[in-house]
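Structure first, commentary second.
The figures that follow rest on heavy atoms only: side chains count, while hydrogens, waters and symmetry mates do not. Numbers restart at 1 for each chain; the letters A, B, ... are given by sequence-line order, proteins then strands. It should be emphasised that the depicted structure is a prediction, and the values quoted were computed from it without experimental measurement.
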Amino acid sequence: MRWYVIRRVAWAAVVAFVILTITFLFLEITPDQQVAQLQFQAAQSGGDPEAALDAYEQRRGLNQPLWDRYTEYVTNYVQGNWGWSDTRSEPVLDAIVASLPYSIMYSAPSIVISTVVGMGIGLYSALNQYTKTDYAATFVAFFGISIPNFWFGIMLLLIFGETLGWFPIIFQTSIADTQTFSLANLRQLFLPIVVLSTGAIAGNMRYARAEALEYVRAEFVKTARAKGATGWRMLSRHILRPTLVPLSTLLVGDLLGLLLASSLLVEVVFGIPGVGRLSYDAIINQDTDLVLGTVFIPVFISVVGNLLQDIAYTVLDPRISYGDR
Amino acid sequence: MPSGNEESDGVRQVWLPNRRNMLKMLGIGGAAALAGCSSGDPNDGDSTGTPAQTEDTNTDSTEGDSPDTSEAPQTTTTTEASREVSGDYVTGRGTDAVSLNLLGAAAADGESGDRIGSILDGAYGVTPDLEVFPLWADISTEDGKTYTVELRDNLQWGGDYGQMTAEDWVYMIQEVFQAEDNWTGYPNQSDWQRQDEWIPVEQTGELTFEIQLPQVDPAFPLKPVMWGQTAMPKGLIEKYRGDSDGEGLAQDEDVQTMAYAGNLGPYSLESWERESQFVGTRNEDYYMREAENVPEAWQGAPYFNSYTFQVIPEQSTRLSALRTGEITSTGIPTTQVQQFEQEESVEINVAPQAYMTSMIYNQRVNGNFYEVFRQKESRQALARAVNKETIANDILSGYATIAHTFQPKFSKWYSDETVVQTGVGDEYGAELAREMLEPTLEGTSYSYDGDRIVDGNGEQVTLNLVYAQGSDTTEDMNRFIAQEYDKIGLNVELQGLQFNSMLENYVSNSPSNNPDFSGEPEYAAGPYNGGNRDQSVSPEQWDIMTGIVFNTYPRTPSQTRDFVIKQGGINYYGYEPEADFASLYEEASTAVDESTRQEIYAEIFGLESEEQPFNFLNMGVAIGGYQNNVQGPKPEFGSGWDSNIWYFQQG
């Protein structure tokens, strides 16, 4: 098992390196949208478009040969220097470290809520299949999946922020930084959490329901029921545990989502300067160092996350073992 | 990021450096990212007055507080009868600054320029009356050729950089703006060149230096060269000049925190949280309070406890924040103005702008209709085919003014006597346009067949109208143009494009895109005018284009020259004028006597309206929404230059 884990971690480093190289090359071959605009501006104001291009490349360090830039970049990475973000004017690591807490502030509660509530409703629906409450839960699930987060967020802001005045419109980083665990911070995070949770609850609920249904009529559940197990004990001991094996894939994915998939749309609507906007802006502006930084962390974590997931399987299902690998 | 026809995403207070960027950003972003030139009276109050008596009561209470204009001001300092220092101003913006390095990336970015402008004033401002308003410096000349810049004697850098002197300026100009290796990547080096030579700059005293132009240019102070130009101390620049370490300079802590700003601007940088907030707090040492010969209102400036740029990417969220009072101002899209006019708490300010929307004809050889577009008489006919009033009044809800030439009506260089008006009143109509167009088709391969225009094969002519995708009004305008052309027998197919894609595939041109041409091109004037219109063409075919918005430079109209001369760097449409515009512009720009200049410009803009290089449609406006207690914004072109003396009305 230990050897397996070591190999997987080493593999994570190799995968991260390969993906970074591919990303670097993609950025190189993608036409830089800003160049055309800068040159056009220069031409329109009577300047020299070529000089404008040279100045841009000088500022962005693009005037060096590709190989030199690549080797310098890799060397710096190995040494822990992740470079400088040209579009934010700060070190890449600072940019990521600054953005991450804001994403976690709304995505962590959202994941907890959607997991607990979604699974709870899913299990309840499985046990009460084709009842009115099951239909109601299914309706809620489809509503959550169907409603676009972007539109839903704007509507919530208009109704509960602008019209009723219950929640602030602007996300204040000063409150998030200095009063993280306060009512004021909860107020400004409430609507983003609701928006993000709505879709996620639905997804979790449907998965949980489908998985649990497989076991509701399983022989061992019938046996347990025959032996007198009822209610909570039957649900938690005999249905939930086997259900969690496939669901753990979903759960680990959700936890990784803290770092990987913070919602760009939610951050745009609510003005949260989180990782979603950071990554998106980096790509749009072709901020090479920042793009690679925002790619590197999720890649590495997702590989390690997959490892954790595999280990989780062994805990949840003793029949699974990696001892011979 | 600028794009085709997007609506405004923020009210630009037009901090002075931004004025510079605004002039340069012509064409890109439409009226959108360029909003904000509104006005104020440069000589508000009298120009002498005694230094204001200030009385700070609690200067610490704002620290760490989030700006909220709905709350009571934390500090109140009485400075003069009508103005009091109070409240926190928060402007809502769609995007953040990219850098605070004014010698590098920030010089090419409007949002960065705005933030820097709140911390550093710049050399001087220009009032709506086109008067120089000295801030750090005054500029003067006796012959229109040699300009003397004289700095105030109370300008102090922050940190250990001492007093701002002419040495700082000359060093910066020579070692950065005119550095052969352009080690900082300064984007505006061409401002400091004439005929490919660096403009000589010489220190003449501790606080004075001269700029020696190679030829007379009476409009030089109004060009974005010294106007609004900010500076860095020599001591800071020279640390990196030796190794030409532009990266080092950009990452220097003093540059990052603007620690060198000292008393040189109305606010001191409190914090910059990327993609969120840029907060400046009132600079208690602001040099204008002790400066001589400044209007009384400036002696107590600024009048807000803090000034915050709040980044709110989504427009509807910005507008909601304005309604709830969480921000003080932001740009308003034309489609939302009526709603906001009913809001009691919000005042709408509509300021005319000099950015012109046009229909541009492809006169290069890859256009379907270039034979016709090349004829002046045909263009004059086509100018009668599109109703400009409908576009301005109905599609744009009246938030535009009709254009007839490369100059807005409010410009002092515009003359009703010479400008030919088309597309309005009796000069509009399908019948009229057709009557004028039909004879011009003789000698071309096109003709009328009944009501429709057909080519040499008898096929209906269909023109490809490409446009930069943007708001609904953009779509409506282009559909309307297609309908108007249909009335004169031309089919128009619409093709919406991303702005960058339009630049790369339709605006840029080169002889290499022309399979019928080989050999040396007659000339090459850059990527947007790759040569003679029979030789150089764009990668993709097009006939009409909208979405490129031109600055008409009402302050320095000579800068429109490149739009209308054959070898102009921006003549991607292949226009070859009949009039000798090059000579006329040369004559006008070097005329010292203003009435002579006025006369020549009147002739130029009259000729342009007659030649119709393309169909001038309308000039945009900047629409800003402000909390109703904000005093300062005015519905004038050039407003915002005096935003340092804006204030909240009390009570």
**Item:** Toward chain B: residues of residues 143-150 of chain A with heavy atoms under 4.5 Å
**Value:**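 Hits under 4.5 Å: A/F150.
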
**Item:** Side-chain donor-acceptor contact under 3.5 Å, B/Q277 with A/Q172
**Value:** yes

Distance in Å, [X] [atom1] paired with [Y] [atom2], rounded so as to fall on 0.5 Å steps:
X      : Y      : atom1 : atom2 : value
B/T324 : A/I170 : OG1   : CD1   : 7.0 Å
B/R323 : A/I169 : CZ    : CD1   : 9.5 Å
B/E247 : A/W84  : CD    : CH2   : 9.0 Å
B/L319 : A/E162 : CG    : CD    : 8.5 Å

**Message:** Could you go through A/Q37 and B/L503, starting from their C-alpha distance and side-chain angles, then the distance that decides it, and tell me whether this counts as side-chain contact (heavy atoms from CB on, under 4.5 Å)?
**Reply:** CA-CA 8 Å; A/Q37 288 192 6; B/L503 285 183; 4.0 Å; yes

**Request:** Name the option with the most non-hydrogen atom pairs under 4.5 Å to chain B; the candidates are A/N63, A/I154, A/D54, A/D86.
**Result:**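 Among A/N63, A/I154, A/D54, A/D86, the one with the most close pairs to chain B is A/I154.
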
Are any of the side-chain heavy atoms of [X] and [Y] separated by less than 4.5 Å?
X      : Y      : answer
A/F40  : B/S508 : no
A/R88  : B/V98  : no
A/L158 : B/S320 : yes
A/Q44  : B/I548 : yes
B/P187 : A/R59  : yes
B/I312 : A/F171 : no
B/E273 : A/Y102 : yes

Side chain, backbone, both or neither: which part of [X] has an atom under 4.5 Å from a heavy atom of chain A?
X      : answer
B/N182 : both
B/D181 : backbone
B/S316 : side chain
B/V507 : side chain
B/A105 : both

Which of the residues [options] is involved in the greatest number of heavy-atom pairs with chain A at under 4.5 angstrom?
options                : value
B/E275, B/R274, B/Q189 : B/R274
B/E504, B/Q256, B/R561 : B/Q256
B/S276, B/G568, B/A97  : B/S276

Side chain, backbone, both or neither: which part of [X] has a non-hydrogen atom closer than 4.5 Å to chain B?
X      : answer
A/E50  : side chain
A/D177 : side chain
A/P168 : both
A/D287 : neither
A/L157 : side chain

**Asked** Would you say A/Y77 has more than 12 foreign heavy atoms packed within less than 6.0 Å of its OH?
**Response**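 Yes, because the 6.0 Å sphere around OH of A/Y77 holds more than 12 heavy atoms from other groups.
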
**Item:** Atom CD of A/E28: over 12 foreign heavy atoms under 6.0 Å
**Value:** yes

Minimum heavy-atom separation for [X] to [Y], with atom names?
X      : Y      : answer
B/P313 : A/G271 : CD-CA, 3.9 Å
B/V311 : A/R277 : CG1-NH2, 3.7 Å
A/A55  : B/Y186 : CB-O, 3.6 Å

**Request:** For A/A184, enumerate each residue passing the side chain to side chain contact (heavy atoms under 4.5 Å, CB included) test, keeping only those at least two apart in sequence or located in another chain.
**Result:** A/I175, A/Q179, A/S182

